2 protein chains.
Amino acid sequence: MNQHPAHKPDYEKELRRAGVRITRPRKIILRILTETDDHPDAMEIFQRATIIDPSISLSTVYRTMKLLEEMGAIHRHAFEGGRARFEQADGEHHDHLIDMDTGDVIEFHSDRIEKLQEEIARSLGYDIVHHRLELYGRKRRKT
Amino acid sequence: MNQHPAHKPDYEKELRRAGVRITRPRKIILRILTETDDHPDAMEIFQRATIIDPSISLSTVYRTMKLLEEMGAIHRHAFEGGRARFEQADGEHHDHLIDMDTGDVIEFHSDRIEKLQEEIARSLGYDIVHHRLELYGRKRRKT
DNA sequence: AATGCAATTGCAAATCGTTTGCAATAAAAA
DNA sequence: TTTTTATTGCAAACGATTTGCAATTGCATT
Ligand SMILES: [Mn+2]
Ligand SMILES: [Mn+2]
Ligand SMILES: [Zn+2]
Ligand SMILES: [Zn+2]
C-alpha cells in the first residue's frame with residue numbers, strides 16, 4: 001500500500017539489541033505503527049490495539065510510545081488541540097500541513113526552508129537541534 | 001527599554017468598545033502584558049499580578065487570557081513542555097527560536113520563509129490560516 | 001520442560017495545566 | 001443610591017499523561 005520501497009525497519013531487532021523485552025503488547029503496537037500511514041494519537045493506537053488484544057491498556061500504549069520515542073524509533077508531534085500524535089521515525093525529514101476542517105495531515109519538505117532556518121539560527125549564534133514547522137490551512141476555495 | 005517606537009495599543013479602550021468591563025484584575029493583567037518583553041505563561045503572569053494585588057486568582061488570569069486571545073489582543077504559544085505562553089499581538093509577525101538550555105525565546109522573521117510557506121501551501125491546494133515555526137537550539141560552541 | 005527473577009503489565013490513583021459551576025462581589029447603568 | 005448583570009475567587013472537574021504497586025510474563029537458567 002506504500003509506494004516508498006524504502007527502509008522497512010525491524011523494530012523488534014532494534015528493541016532486542018537495546019535489551020528490551022519483546023512482549024505481546026509491544027509487538028502489537030509496533031505492528032500498528034508500521035502498518036499505518038497517518039499520525040495516530042495514543043487513544044487511536046490503543047483502540048486499534050484493543051481490536052487485536054482487548055487486554056492491552058492505555059498506560060502500556062503511553063509507556064511504549066515513550067520508549068520508542070527515546071529509542072528514536074518514532075516522532076511525537078504536538079499539533080494544535082488535544083493529544084500528541086505519533087509516526088514512525090524512518091523516512092526523510094518532513095514538515096506538516098494540517099487541514100483545519102478535516103484534521104488531515106499532509107507532509108511536505110522544502111530544502112530551501114530548511115536551509116533558511118539554518119542560516120537564521122546561525123546568524124543568531126545558535127545551532128538548531130530540531131524544529132517544528134506546521135502550516136494550518138483550508139482547501140483553496142475554487143472561485 | 002524597547003527600541004520599537006511602534007503601536008502602543010490601548011487595550012482598555014478596545015475592551016470597552018467590545019462591551020467588556022474594565023475590572024481591577026483585568027487592568028493589572030493588561031499592564032503586565034504591555035510592560036513585558038518576554039513570553040510569560042499563565043502562572044508567571046499570575047505571580048507578577050499577585051505582587052500588585054494578592055487577591056487575584058489564577059482562574060481570572062486564564063479567563064482573561066482567553067478573552068484577550070479571542071479579541072486578537074494576544075497570541076498563545078504552545079512551545080515544547082508544560083504551559084502555554086503569551087505575548088501581545090501588536091507588532092509584526094515573527095517566529096521563535098527557543099534556547100533549549102535557558103528557555104529564552106528569541107524572535108526572528110524571514111520574508112523568504114513566509115513566501116515559501118505560501119507557495120508550498122498553494123501547490124498543495126491550500127490557503128494558510130496560520131502557521132507555527134519554532135527552532136529549538138543551543139548557543140553555538142565557539143571552537 | 002521446569003525454575004527463578006527481573007522487566008513489564010493492567011489497574012487505579014496521582015499529576016499537571018486548564019476550565020467550569022456557583023455564590024459572593026463589584027462595574028456600570030439607571 | 002439603587003438596580004442590574006458581568007466578573008470574581010474558590011473548589012471541584014476536566015482531559016491527557018504519568019505513576020505506584022501487586023500480579024504476570026518474557027526469557028535466561030537449569
Ligand atoms: Mn509526518
Ligand atoms: Mn514573540
Ligand atoms: Zn523541517
Ligand atoms: Zn512566520
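Values below: all heavy atoms of this structure, side chains included; hydrogens, waters and symmetry mates excluded. The structure displayed is predicted, hence computed values, not measured ones. Naming convention: chains lettered A, B, ... in sequence-line order (proteins, then strands); numbering from 1 in each chain.
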Inset, instruction - Write down the distance between CE (B:M43) and C1' (C:dC16), rounded to a whole number of angstrom. - result: 10 Å
Inset, instruction - Starting at atom CZ of B:R63, determine the distance to atom P of C:dT20, rounded to an integer number of angstrom. - result: 10 Å
Quick one: pull up [atom1] in [X] and [atom2] in [Y] and give me the separation to the nearest 0.5 Å.
X     : Y     : atom1 : atom2 : result
B:M43 : B:L58 : CE    : CG    : 5.0 Å
A:F46 : A:I32 : CZ    : CD1   : 10.5 Å
A:I22 : A:L15 : CD1   : CG    : 4.5 Å

Inset, instruction - Identify, residue by residue, the members of residues 46-58 of chain A with a heavy atom below 4.0 Å from DNA chain C, and return them in order of residue number, or none. - result: A:S55, A:I56, A:S57
Inset, instruction - Scan residues 16-26 of chain A against DNA chain C and write down, sorted by residue number, each residue with any heavy atom closer than 4.0 Å; if none is found, say none. - result: A:V20, A:R21, A:T23, A:P25, A:R26
Legend entry - DNA chain D-proximal residues of residues 67-78 of chain B, any heavy atom under 4.0 Å: none
Legend entry - Within residues 79-87 of chain A, residues whose heavy atoms come under 4.0 Å of DNA chain D: A:R83, A:A84
Inset, instruction - For the pair A:H130 and B:Y136, name the ring-plane relationship: parallel under 30°, tilted 30 to 60°, perpendicular over 60°. - result: parallel
In chain order, what residues pass the salt bridge (charged side-chain N to carboxylate O under 4.0 Å, His left out) check against [X], with sequence neighbours excluded?
X      : result
A:R132 : A:E134, B:E134
B:D95  : none
A:R138 : A:D101

Inset, instruction - Using distance alone, with no hydrogens and no angle criterion, decide if B:E44 and B:H39 have a side-chain donor and acceptor under 3.5 Å apart. - result: no
Inset, instruction - Just jot down the side-chain contact (heavy atoms from CB on, under 4.5 Å) partners of A:E69, sequence neighbours excluded, or say none. - result: A:I74, A:R76
Legend entry - Residue list, side-chain contact (heavy atoms from CB on, under 4.5 Å) with B:R122, at least two apart or on another chain: A:R140
Legend entry - Carboxylate-amine/guanidinium contact A:D38 A:R48, below 4.0 Å: yes
Legend entry - Residue pairs passing the side-chain hydrogen bond (donor to acceptor under 3.5 Å, both in side chains) test where at least one lies in residues 18-32 of chain A, sequence neighbours excluded: A:R24-A:D53
Inset, instruction - Could you tell me from which nucleotide to which nucleotide of DNA chain D, 5' to 3', there is an atom under 4.0 Å from chain A heavy atoms? - result: D:dA16 to D:dC27
Legend entry - Overall bend - the helix from C:dA1-D:dT30 to C:dA30-D:dT1, comparing terminal axes fitted on five pairs, nearest 10 degrees: 30°
Inset, instruction - Could you give me the CA-CA distance, side-chain angles and deciding distance for B:H96 and A:H131, then say whether ring pair (Phe, Tyr, Trp, His ring centres under 6.0 Å) is met? - result: CA-CA 10 Å; B:H96 300 94; A:H131 67 272; over 10 Å; no
Legend entry - Verdict with supporting geometry, B:E87 and B:H77, side-chain hydrogen bond (donor to acceptor under 3.5 Å, both in side chains): CA-CA 8 Å; B:E87 71 177 320; B:H77 300 293; 2.6 Å; yes
Legend entry - Same cluster (ILVMFWY, side-chain, under 4.5 Å), A:L124 and B:V105: no
Inset, instruction - Please test B:H75 against B:H94 for ring pair (Phe, Tyr, Trp, His ring centres under 6.0 Å), starting from the C-alpha separation and ending with a verdict. - result: CA-CA 11 Å; B:H75 290 313; B:H94 57 261; 7.8 Å; no
Inset, instruction - Say whether, by atom type as modelled, one donor and one acceptor occur between the side chain of A:T34 and the main chain of A:L30 under 3.5 angstrom. - result: yes
